[in-house]
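Report on one structure; see the data block that follows.
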Number of protein chains: 2
Amino acid sequence: MSQGNGTKDKISPRVIERLTKYLRCLESMSPDDYISSEEMAERMGLTAAQIRKDLSNFISEFGEGFGVRGKGYQVRILYSGIERILGVHKTNNIIIIGAGRLGSALLSEPEFTKESFNVIGIFDSAEHKVGREMSGLKIRNISELDYFLETKDRVDIAILTVPKAVAQEMADKLVSAGVKSLLNFAPLKIKVPENVVVANIDLYAKLQELNYWKEKVL
Amino acid sequence: MSQGNGTKDKISPRVIERLTKYLRCLESMSPDDYISSEEMAERMGLTAAQIRKDLSNFISEFGEGFGVRGKGYQVRILYSGIERILGVHKTNNIIIIGAGRLGSALLSEPEFTKESFNVIGIFDSAEHKVGREMSGLKIRNISELDYFLETKDRVDIAILTVPKAVAQEMADKLVSAGVKSLLNFAPLKIKVPENVVVANIDLYAKLQELNYWKEKVL
DNA sequence: TAGATTGTTAATCGATTAACAATC
DNA sequence: TAGATTGTTAATCGATTAACAATC
């Protein structure tokens, strides 16, 4: 069953992951230039076939494919096309749960000055933090969450930077308040209903993986 | 060509990624208990066959497989077996490059109080930071890196939390000082020689991926 | 012994690569 | 037109699942 927009169903997570890498590769290029799948592949350490295959899953805003036969892909068109696919051509509102060091670090990430993601709130449960300012945002009490979600702008994504021990509880609060997607930094598997998506960033797991590979490359 | 230890060659990254998840699943269990692949699968949302297949790539410290036919896997044995595979049964020394908010946040992560990873140094290039203490570690000048690596303990992994603009430069410094594995938080592809491994954590890319999936689940 | 569950082999499925006709 | 490079189909490769004999 097709989706109506020009996208084939069931795109694999692997493809979406690579799309974000394509953006990274393109962002340092001049928008008017054309780049061939061959050159992109070279730069990114992939095969040209894979890139063309990935992109062929989608169609551009206008006609069909992103590329021009004989020329390659125009950086501008490919870039904005991928942005559109990922839904980052518009602003998405974010709240951060947990005003600890990690939450604070994320809040001041230079990437968050881009337009596609906009942090509109930060929450904590520690009384002594509530009310203080952090990168220009007032820290709110977790208990205000429901009120906030009812009265403020739509929240697209909540980033969980709370300790492991309270992560599931916070996730439950967020879900029952109507948040539909979570980026979780706590080192555990958050349980959510089927209509909620969770992405995880697990520093410790990454370190463990890296530790395995470093032994193999010797 | 086999490796001599009981491990088959060419384990896929996917398998290693799942091993870290198996650890997470097991750490909340009683070490003496037995768990079946069926139950683990249930808890983690995988198939039992996949878990058995994954584990069958390796052999335990003693005899052969990790499991006992008819009983399942003893938590203690499986846990320490996976730790051994990942090389986290011993302490690995880490340095953090970049004493900004992110570096500071990582330094105080509760996970770093575990024994397997030990932060032995933190570096920055900003004069006003050098010499200050952070979670009990003195911030050192980047220029001391070579000296540090020559005189201190072995450095197993360097974590890069510097701004994008200087990330490649810092990576080069680390590589030429002899560091063999990097965990990179800067949103770009670090170029390194073949005998160096790099793992990446890209917050922004993860957000973009999540943003794609959240639209699909509606 | 009967029941349970592993470890492994074979079957299926999905993802990557190769090849090439379409076309700029 | 000739040369280049896409988009797509077919071939290959690898990873997951199913099935079952081995064995606790």
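Letters A, B, ... are given to chains in the order of the sequence lines, protein chains preceding strands, and every chain is numbered from 1. Computed from heavy atoms alone, side chains included, the values below leave out hydrogens, waters and symmetry copies. Fair warning: this is a prediction, and the values are worked out from it, not measured in the lab.
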So, does the side chain of B/Arg69 form a donor-acceptor pair with the base of D/dA22 at under 3.5 Å?
-> yes

Could you grab the distance from atom CG of A/Asn92 to atom NZ of B/Lys214, nearest 0.5 Å is fine?
-> 4.0 Å

C/dC13 C1' sits how many Å from A/Lys10 NZ, rounded?
-> 14 Å

Of all the nucleotides listed (C/dT6, C/dT8, D/dA18), which has the minimum atom distance to the side chain of B/Ser37?
-> C/dT6

Distance from B/Thr161 atom OG1 to B/Leu107 atom CG, nearest 0.5 Å?
-> 10.0 Å

Between C/dG3 (P) and B/Glu38 (CD): distance, integer Å = 19 Å

Any idea which of D/dT8, D/dA22, D/dG7 is nearest the A/Lys53 side chain?
-> D/dT8

A/Leu46 CG to C/dT17 C1', in whole Å, measures 12 Å

A/Glu64 CD to C/dA22 P, in whole Å, measures 17 Å

When A/Arg14 and A/Phe66 are each assigned the nearest nucleotide of DNA chain D, the 5'-most assignment goes to A/Phe66

Round to the nearest Å and state the distance from B/Leu19 atom CG to D/dA15 atom C1'.
-> 15 Å

Does B/Glu111 come within less than 4.0 Å of B/Lys114, counting only side-chain N to carboxylate O?
-> yes

Given DNA chain C, 5'-ward residue of the pair A/Lys71 and A/Arg52, judged by closest heavy atom = A/Arg52

Within this structure, what is the CD-to-P distance between B/Glu42 and C/dT5, rounded to whole angstrom?
-> 13 Å

Base partner of D/dC13, which must satisfy Watson-Crick or wobble distances under 3.5 Å | C/dG14

To the nearest Å, how far apart are B/Gln50 CD and C/dT12 C1'?
-> 14 Å

For the residue pair A/Gly100 and A/Met134, what are the closest heavy atoms and their distance?
-> O-CE, 4.5 Å

Begin with the C-alpha distance, continue with both residues' side-chain angles, and end with the deciding distance and a verdict on side-chain contact (heavy atoms from CB on, under 4.5 Å) for A/Leu207 and B/Ile94.
-> CA-CA 10 Å; A/Leu207 270 178; B/Ile94 290 183; 3.9 Å; yes

Is any side-chain nitrogen or oxygen of B/Thr47 closer than 4.0 Å to OP1 or OP2 of D/dT16?
-> no

Which residue lies more 5' along DNA chain C, comparing B/Tyr73 with A/Val68 via nearest heavy atoms | B/Tyr73

Taking a pair as Watson-Crick or G-U wobble with both distances under 3.5 Å, which nucleotide is matched to C/dA22?
-> D/dT5

How long is the line joining CG of A/Leu55 and C1' of D/dT8, in whole Å?
-> 13 Å

On DNA chain D, check which nucleotide each of B/Gly70 and B/Ser12 is closest to and give me the residue with the more 5' one.
-> B/Ser12

